[in-house]
Peer 1: 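The following block contains the structure, expressed as C-alpha cells.
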Amino acid sequence: MNHLKIKKIVNNIFKNFNLNNAHAKISADYLIKAELFGAPSHGLARLRMYCERLKKRIINPKPKIKVKKISQSISFIDANNSIGFVAADIGIKTAIKNAKKTGIGLVAIKNSGHYGLSSFYAEQAVKKNLIVWCFTNAPPAIAPYGAKKSLFGTNPICFGTPTGNKVPFILDTSISMINRGKIRVAAKLGHKIPLGVALDKFGRPTTDAKKALKGVQLPIASFKGSGLAWMVDIMSGVLTGANHAGKVKDPFDDFTGPQNVGHLFLVLKPSLFVGKNYIKRIKENIRTIKRLPKIKGVKEILYPGQAKNYRYKRNLKKDIVIPKNILEDLKKLNAVK
Ligand SMILES: NC(=O)c1ccc[n+]([C@@H]2O[C@H](COP(=O)([O-])OP(=O)(O)OC[C@H]3O[C@@H](n4cnc5c(N)ncnc54)[C@H](O)[C@@H]3O)[C@@H](O)[C@H]2O)c1
C-alpha cells in the first residue's frame with residue numbers, strides 16, 4: 001500500500017482514539033517514517049499497542065504538556081503521559097530553538113512514552129545545521145553485566161551532525177545486539193532470531209524469538225554495552241525525574257499505568273569552537289576515512305545514517321508491504337469510532 005494512503009488511515013485511527021488533529025498527525029508521520037526507514041519493528045507493528053494504551057487512558061490522549069524554561073539554554077518538559085512522539089517532537093523543537101539562541105540547547109522530558117526512532121528527532125536538529133545527542137530509556141530487556149535479571153532497556157544512543165552534504169551523519173544505535181522490536185516482530189511472524197543476541201529464561205542461548213522475550217537480551221560488547229545502557233538510564237531517567245532502574249513499564253505487556261519514559265536532547269551549534277571551519281573539517285574527516293583501503297567485499301565505507309538515508313529514499317517510491325496480521329489490526333482499529 002502507498003505510504004501516504006496508510007498514513008491517512010493511521011492518522012484517522014489516532015483521531016478515533018481521541019488524539020487531537022495535531023497530535024494524530026505527528027504520531028502518524030513518525031509511525032510511517034519508521035516503516036520508510038526500514039524499521040517496521042517501530043512502525044505499524046506498534047499501532048495496536050498505542051491504541052490500547054490510549055483507550056485505557058494510560059497514554060493520555062489530551063495531555064497538558066508543560067514546558068518550563070530553566071534558562072535561555074535549558075528547558076524541562078513534563079509530558080503528562082502524552083504519546084511519546086508528541087512529547088519528543090516538542091522537546092527537540094525546544095532544544096533547537098534554545099541552541100539557535102545561545103549555542104547550546106538542553107531539554108529533559110519526563111512522563112513520556114515510547115518515542116520510536118531517535119533519528120526522527122536527531123535529523124530535525126541536523127537539518128537546522130546543528131549537532132545533536134538524543135537519549136531515551138526503555139523497559140527492561142538487558143541484564144546488567146554480572147546480573148541474572150533484565151533491568152536496562154535497549155536504551156538507544158543517537159548522535160547527529162551536519163556533514164556539508166545532503167546526507168547527515170546519524171549514529172542511532174540501541175545498546176542491545178538486536179533491537180527488541182525486531183524480536184517482537186519475529187515472534188509475531190514466527191521467524192527465528194540470530195544466535196548470540198539473546199538467552200532464554202534459563203540463561204541458554206536461543207534463536208526462538210518467543211523464548212528470547214521471556215529471557216534476556218545481550219548487550220553489545222559485554223560490560224561496555226552494559227555500561228552504556230546504564231549511562232543512558234541515568235541521563236534519561238535519573239536526571240530527568242522519569243522512571244529508571246527497571247521501572248519503565250513495558251508498553252506491550254504492562255497496562256497497570258503510564259510508562260513514564262524519560263528523554264534527553266542536547267543540541268549544539270557546530271561553530272562553537274572552530275567557527276565556520278566546522279563543515280570544512282567534518283568534510284575532511286569523512287573524506288579521510290572513506291579513502292582508507294577497504295576489506296574484501298566492501299565497496300564503500302559508509303558513515304552512520306548513510307545506508308538508512310538511501311533506504312528511505314528508495315522506500316518512498318515503493319509500496320509498504322504490510323504483513324497479514326498487521327493488516328487485520330489496521331482494519332479493526334479503523335472501524336473503531
Ligand atoms: N525508543 C526506544 O525505546 C528504542 C529502543 C531501542 C531502539 N530504538 C530505535 O531502534 C532503531 C534501530 O536500532 P538498531 O540498534 O537496530 O540500529 P541498527 O543496528 O540498524 O544501526 C545502528 C547504527 O549503525 C549504523 N550502520 C548500520 N550499518 C552500517 C554500516 N554498514 N556502516 C556504517 N554504519 C552502519 C546505522 O546507520 C545506525 O546509526 C534506532 O533508530 C533506535 O533509536 C528505539
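All values below come from the heavy atoms of this structure, side chains included, with hydrogens, waters and symmetry mates left out. Residue numbers count from 1 along this sequence. Every number for a ligand or one of its atoms is a count from 1 in the order of the listing.
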Peer 1: Determine, stepwise, if the pair Thr206 / Asp208 fulfils side-chain hydrogen bond (donor to acceptor under 3.5 Å, both in side chains).
Peer 2: CA-CA 5 Å; Thr206 184; Asp208 182 319; 5.4 Å; no
Peer 1: Heavy-atom distances under 4.0 Å decide this one: backbone, side chain, both or neither, for Asn155 against ligand 1?
Peer 2: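 The answer is neither.
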Peer 1: Using the six-membered ring wherever Trp is involved, compare the ring planes of His114 and Tyr50 and label them parallel, tilted or perpendicular (cut-offs 30° and 60°).
Peer 2: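 Judged by the thresholds at 30° and 60°, the geometry between His114 and Tyr50 is tilted.
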Peer 1: Tell me, yes or no, whether the heavy-atom count around Lys290 atom NZ, taken from other residues, nucleotides or ligands under 6.0 Å, exceeds 12.
Peer 2: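 Yes, enclosed.
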Peer 1: I need the single residue from Asn243, Asp233, Thr154, Asn155 that forms a side-chain hydrogen bond (donor to acceptor under 3.5 Å, both in side chains) with Asn137. Which is it?
Peer 2: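 Exactly one option meets the side-chain hydrogen bond (donor to acceptor under 3.5 Å, both in side chains) with Asn137, and it is Asp233.
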Peer 1: Do Glu52 and Arg48 sit within salt-bridge range, that is, some charged N less than 4.0 Å from a carboxylate O?
Peer 2: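 Yes, this pair counts.
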Peer 1: When you compare the side chain of Leu106 with that of Ser73, does any pair of heavy atoms fall below 4.5 Å?
Peer 2: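 SC-SC contact between Ser73 and Leu106 ruled out.
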Peer 1: Out of curiosity, is Gly116 lining ligand 1, as in a heavy atom under 4.0 Å away?
Peer 2: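 The answer is yes: ligand 1 sits under 4.0 Å from a heavy atom of Gly116.
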Peer 1: Using a 4.0 Å cut-off to any heavy atom of Lys182, which atoms of ligand 1 qualify?
Peer 2: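 Once the distances to Lys182 are compared, the set is 16 (O).
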Peer 1: Is atom 30 (C) of ligand 1 near the protein, in the sense that some protein heavy atom lies at less than 4.0 Å from it?
Peer 2: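 No, there is none.
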Peer 1: Within a distance of under 4.0 Å, is there any protein heavy atom near atom 19 (O) of ligand 1?
Peer 2: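 It does not: no protein heavy atom is found less than 4.0 Å away from atom 19 (O) of ligand 1.
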Peer 1: Is atom CD1 of Ile295 surrounded by more than 12 heavy atoms (other residues, nucleotides or ligands) closer than 6.0 Å?
Peer 2: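 Atom CD1 in Ile295 is not packed in, count stays at 12 or less.
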Peer 1: For atom 8 (N) of ligand 1, what is the nearest protein heavy atom, given as residue, atom name and distance?
Peer 2: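 In this structure, atom 8 (N) of ligand 1 has His42 NE2, 3.5 Å as its nearest protein heavy atom.
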Peer 1: Quiz question: by atom type and distance under 3.5 Å, do the side chains of Asn179 and Ser174 form a donor-acceptor pair?
Peer 2: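 Judged by distance alone, the side chains do not pair up.
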Peer 1: Could you walk me through whether Lys8 and Asn12 pass the side-chain hydrogen bond (donor to acceptor under 3.5 Å, both in side chains) check?
Peer 2: CA-CA 6 Å; Lys8 217 169 155 186; Asn12 279 333; over 6 Å; no
Peer 1: Examine the proximity of ligand 1 to His114 and report which part, side chain or backbone, both or neither, has a heavy atom under 4.0 Å away.
Peer 2: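 Answer for His114: side chain.
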Peer 1: For atom 24 (O) of ligand 1, grab the closest protein heavy atom and report residue, atom and distance to one decimal in Å.
Peer 2: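 Ranked first by proximity to atom 24 (O) of ligand 1 is Leu171 CD1, 4.4 Å.
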Peer 1: Please check whether Pro156 reaches ligand 1 - meaning an N/O of the residue sits under 3.5 Å from an N/O of the ligand, judged on distance alone.
Peer 2: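 Pro156 vs ligand 1: no N/O contact under 3.5 Å.
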Peer 1: Would atom 27 (C) of ligand 1 count as contacted, meaning some protein heavy atom under 4.0 Å?
Peer 2: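 No, there is none.
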Peer 1: Output a table of donor-acceptor pairs, distance under 3.5 Å, between side-chain atoms of residues 209-225 and any protein atom two or more places apart or on a different chain; print 'none' if there are none.
Peer 2:
| from | atom 1 | to | atom 2 | distance (Å) |
| --- | --- | --- | --- | --- |
| Gln217 | OE1 | Arg180 | NH1 | 2.8 |
| Gln217 | NE2 | Ile178 | O | 2.8 |

Peer 1: Under the 4.0 Å line, does any protein heavy atom show up next to atom 43 (O) of ligand 1?
Peer 2: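 Answer yes: something from the protein, a heavy atom, is under 4.0 Å.
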Peer 1: Side chains of Lys15 and Asn11 only: does a donor on one sit below 3.5 Å from an acceptor on the other?
Peer 2: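 On atom types as modelled, these side chains do not qualify, holding no pair under 3.5 Å.
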Peer 1: Could you identify the single nearest non-hydrogen protein atom to atom 37 (O) of ligand 1 and state the distance to 0.1 Å?
Peer 2: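 In this structure, atom 37 (O) of ligand 1 has Gly305 N, 2.8 Å as its nearest protein heavy atom.
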Peer 1: Suppose we measure from atom 33 (C) of ligand 1 to each protein heavy atom; which comes out shortest, and what is that distance?
Peer 2: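 Checked against all protein heavy atoms, atom 33 (C) of ligand 1 sits closest to Leu302 O, 3.4 Å.
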Peer 1: Does ligand 1 have any atom that is closer than 4.0 Å to a heavy atom of Arg180?
Peer 2: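 The answer is no: ligand 1 sits nowhere under 4.0 Å from a heavy atom of Arg180.
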Peer 1: Heavy atom to atom 17 (O) of ligand 1, shortest distance: which of Thr154, Asn179, Asp172 holds it?
Peer 2: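 Going through Thr154, Asn179, Asp172 one by one, Asp172 has the nearest heavy atom to atom 17 (O) of ligand 1.
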Peer 1: Taking only non-hydrogen atoms of Ala307, do any sit less than 4.0 angstrom from ligand 1?
Peer 2: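 Judged by the 4.0 Å heavy-atom criterion, Ala307 does not count as contacting ligand 1.
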Peer 1: Nearest non-hydrogen atom to atom 15 (O) of ligand 1 belongs to which of Ser119, Gly38, Ser174?
Peer 2: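 It is Ser174 whose heavy atom sits nearest to atom 15 (O) of ligand 1.
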Peer 1: Just jot down the ligand 1 atoms closer than 4.0 angstrom to any heavy atom of Ala138, in number order.
Peer 2: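 In order of number, 3 (O).
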Peer 1: Are the ring centres of Phe37 and Tyr30 closer than 6.0 Å?
Peer 2: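 Judged by ring-centre distance (under 6.0 Å), Phe37 and Tyr30 do not meet the cut-off.
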Peer 1: Ignoring hydrogens and angles, write down the donor-acceptor pairs under 3.5 Å from the side chains of residues 269-281, residues two or more places apart or on other chains.
Peer 2:
| from | atom 1 | to | atom 2 | distance (Å) |
| --- | --- | --- | --- | --- |
| Lys269 | NZ | Lys100 | O | 3.1 |
| Tyr278 | OH | Thr161 | OG1 | 2.7 |

Peer 1: Can you check atom 35 (C) of ligand 1: any protein non-hydrogen atom closer than 4.0 Å?
Peer 2: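 Within 4.0 Å: no protein heavy atom nearby.
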Peer 1: Among all protein non-hydrogen atoms, which one is nearest to atom 11 (C) of ligand 1, and what is the separation to 0.1 Å?
Peer 2: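 In this structure, atom 11 (C) of ligand 1 has Leu117 CD2, 3.6 Å as its nearest protein heavy atom.
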Peer 1: Would you check the N or O atoms of Ser118, main chain and side chain alike, for any that come under 3.5 Å of an N or O of ligand 1?
Peer 2: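 Between Ser118 and ligand 1, an N or O pair is found under 3.5 Å apart.
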